[in-house]
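Scroll down for the structure; my scribbles are underneath it.
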Amino acid sequence: MNINFTYLPGDGIGPEIGEAALKVLNAVATKFDHTLEIEEHHLGGIAIDVKGTPLPAETLASAQKTEAILLGAVGGPKWDHLEGVDRPELGGLLPLRKTLQLYANVRPAKPQSSLIEASPIKAAYLEDVDFVIMRELTGGIYFGDKGRDENGAYDECRYSEAEVERIAIRAFEMARTRKNKVTSVDKSNVLETSRLWREVVIRVHQDYQDVELEHTLVDAMAMHMLSRGKDFDVILTENMFGDILTDEAAMLCGSMGVIPSASLGNGRLGNGRLGMYEPIHGSAPDIAGQGKANPIAMILSATWMLRTSFGLEAEAIAMETAVTAALDARQTTADIGGTLSTLEVGEWVAAHIT
Ligand code: IPM
Ligand code: MG
């Protein structure tokens with residue numbers, strides 16, 4: 001088949017990890033007799049430099065007609081002086097997520113046995129950890145009114161019932177395919193949006209009585225995730241809490257450099273498949289251009305793209321198997337104990353697609 005997707009390498013290490021992931025995708029396409037049709041566009045800082053805007057019209061147009069977007073990372077110190085929607089994140093990544101209505105961001109935490117050593121957490125706490133964080137991605141404080149006044153600055157946090165409802169449905173549906181448990185995370189002892197969040201989650205749960213539901217405050221969750229991570233299955237939370245907790249969860253897995261993500265909506269033309277796939281880490285400007293960046297998160301993001309947007313399960317499994325083999329054989333970058341460069345990891349994984 002034709003695997004047609006929009007490729008947005010972005011800034012910092014984005015292009016390097018992207019090149020490594022494309023090596024692997026090419027190997028998969030050859031092996032399984034597919035054709036890759038890649039539309040590459042600028043997003044973020046590079047788009048500001050080349051096109052004068054973080055989300056150029058042609059980038060958005062390409063993203064709006066494709067079924068899948070593979071994204072590296074955006075942002076960096078070069079653009080830090082910019083304000084508001086002139087910034088790579090606020091003017092590039094966030095409006096892209098919002099315009100495409102990719103409201104459900106899924107980020108996994110399942111430590112691979114070969115990376116137990118790489119985690120700063122004691123091995124005993126990593127045993128049997130296998131959860132996903134379902135992060136609301138297009139609402140909350142990220143998208144509220146923000147600004148400055150004579151006294152200071154403000155960021156408004158708003159959630160509509162409909163926004164909470166649709167992400168809660170996603171979480172319960174996902175739990176049914178996994179261990180049948182949802183842990184909803186909020187700050188309902190303080191925030192009104194969290195009180196609404198909890199009410200709506202309880203209401204949606206009426207239709208999912210077969211799924212266990214528990215509620216946890218976000219501060220306690222930050223602790224439980226480390227002390228008893230194995231108790232969780234689907235962790236459902238709002239945009240900003242999800243941003244913070246997913247970085248924390250990455251450390252259970254040894255490195256930010258190994259965690260992919262999928263941002264999903266209700267699909268397009270009823271196919272339910274439109275998705276944006278990106279590593280959870282940032283653009284890491286401090287190591288950009290040096291071949292040090294770990295491409296595993298990007299390779300696994302491409303894997304999720306094949307599985308979720310294109311329904312290519314055998315291909316996805318072939319990629320995952322090759323990645324696990326690379327980790328087991330320490331054919332990795334230095335952050336997780338190997339000696340290879342970013343591209344060499346991509347080449348190794350590509351050569352082991354069988
Ligand atoms: C992430 C990132 C982004 C976010 C930044 C780059 C805006 O941290 O995807 O987790 O906060 O959503
Ligand atoms: Mg983040």
Side-chain angles (χ1 to χ4, degrees), residues 8-15 17-18 42-48 54-55 59 63 69-109 132-144 146 155 157 159 163 167 185 218 221-222 225 235-253 255-265 275-288 293-294 296-298 300-302 304-305:
L8 308 174
D11 307 318
I13 59 171
I17 56 173
H42 294 309
L43 177 74
I46 177 77
I48 295 172
L55 179 54
T59 301
I69 301 159
L70 184 64
L71 171 72
V74 300
K78 183 172 179 196
W79 307 283
D80 255 352
H81 65 283
L82 298 169
E83 306 267 344
V85 294
D86 291 334
R87 300 181 54 77
E89 305 86 357
L90 278 172
L93 182 59
L94 265 50
L96 189 59
R97 289 171 174 171
K98 184 84 171 179
T99 310
L100 300 173
Q101 283 294 298
L102 301 172
Y103 62 85
N105 181 234
V106 186
R107 300 181 169 188
V132 296
I133 297 182
M134 179 69 77
R135 169 188 175 194
E136 200 290 327
L137 199 64
T138 53
I141 197 167
Y142 273 50
F143 291 93
K146 44 182 98 276
D155 293 278
C157 183
Y159 266 111
E163 283 174 320
I167 190 77
V185 176
V218 62
M221 190 64 205
M225 202 179 260
I235 296 172
L236 164 65
T237 195
E238 66 156 84
N239 203 343
M240 189 161 78
F241 298 159
D243 180 45
I244 298 165
L245 291 177
T246 51
D247 274 25
E248 186 186 346
M251 293 322 291
L252 293 169
C253 305
S255 167
M256 289 277 287
V258 298
I259 317 287
S261 84
S263 303
L264 307 169
M276 182 151 86
Y277 305 88
E278 55 177 311
I280 78 159
H281 60 68
S283 61
D286 52 321
I287 57 163
N294 189 340
I296 298 290
M298 185 70 165
L300 291 176
S301 296
W304 279 27
M305 174 177 86

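Residues: numbered from 1 along the sequence shown. Here the structure is a predicted model, which is why all the values come from computation and not from measurement. For ligands, and for the atoms within them, numbers begin at 1 and follow the listed sequence.
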>> Nearest 0.5 Å, please: how far is NE2 in H281 from CD1 in I296?
In response: 10.0 Å
> Measuring from L43:CG to L93:CG, what's the distance to the nearest 0.5 Å?
Replying inline: 6.5 Å
> Is a side-chain donor-acceptor pair under 3.5 Å present for D243 with Y142?
Replying inline: yes
> Between W304 and A262, which heavy-atom pair has the shortest distance, and what is it?
Replying inline: CE3-CB, 3.4 Å
> With a 4.0 Å cut-off, would you call R87 and D80 a salt bridge?
Replying inline: yes
> Can you list the residues that meet the side-chain hydrogen bond (donor to acceptor under 3.5 Å, both in side chains) rule with T246, with sequence neighbours excluded?
Replying inline: R107
>> Regarding R97 and E89, does a basic nitrogen lie under 4.0 Å from an acidic carboxylate oxygen?
In response: no
>> Which of the protein's N, O or S atoms come within less than 2.8 Å of the Mg ion (ligand 2), not counting waters?
In response: D243 OD1
Between the protein and ligand 1, are there any N or O atom pairs that come within less than 3.5 Å of each other, and if so, what are their names and distances?
| residue | atom | partner | partner atom | Å |
| --- | --- | --- | --- | --- |
| ligand 1 | 8 (O) | D243 | OD1 | 3.2 |
| ligand 1 | 9 (O) | R97 | NH2 | 2.8 |
| ligand 1 | 9 (O) | R107 | NH2 | 2.8 |
| ligand 1 | 10 (O) | R107 | NH1 | 3.1 |
| ligand 1 | 10 (O) | R107 | NH2 | 3.2 |
| ligand 1 | 10 (O) | R135 | NH1 | 3.3 |
| ligand 1 | 10 (O) | D243 | OD1 | 2.9 |
| ligand 1 | 11 (O) | Y142 | OH | 2.5 |
| ligand 1 | 11 (O) | D243 | OD1 | 3.4 |
| ligand 1 | 12 (O) | R97 | NH1 | 2.8 |
| ligand 1 | 12 (O) | R135 | NH1 | 3.3 |
| ligand 1 | 12 (O) | R135 | NH2 | 2.9 |

>> Among residues at least two apart in sequence or on other chains, which ones pass salt bridge (charged side-chain N to carboxylate O under 4.0 Å, His left out) with E163?
In response: none
> Of the non-hydrogen atoms in P279 and L71, which two are nearest, and what is the gap between them?
Replying inline: CD-O, 3.2 Å
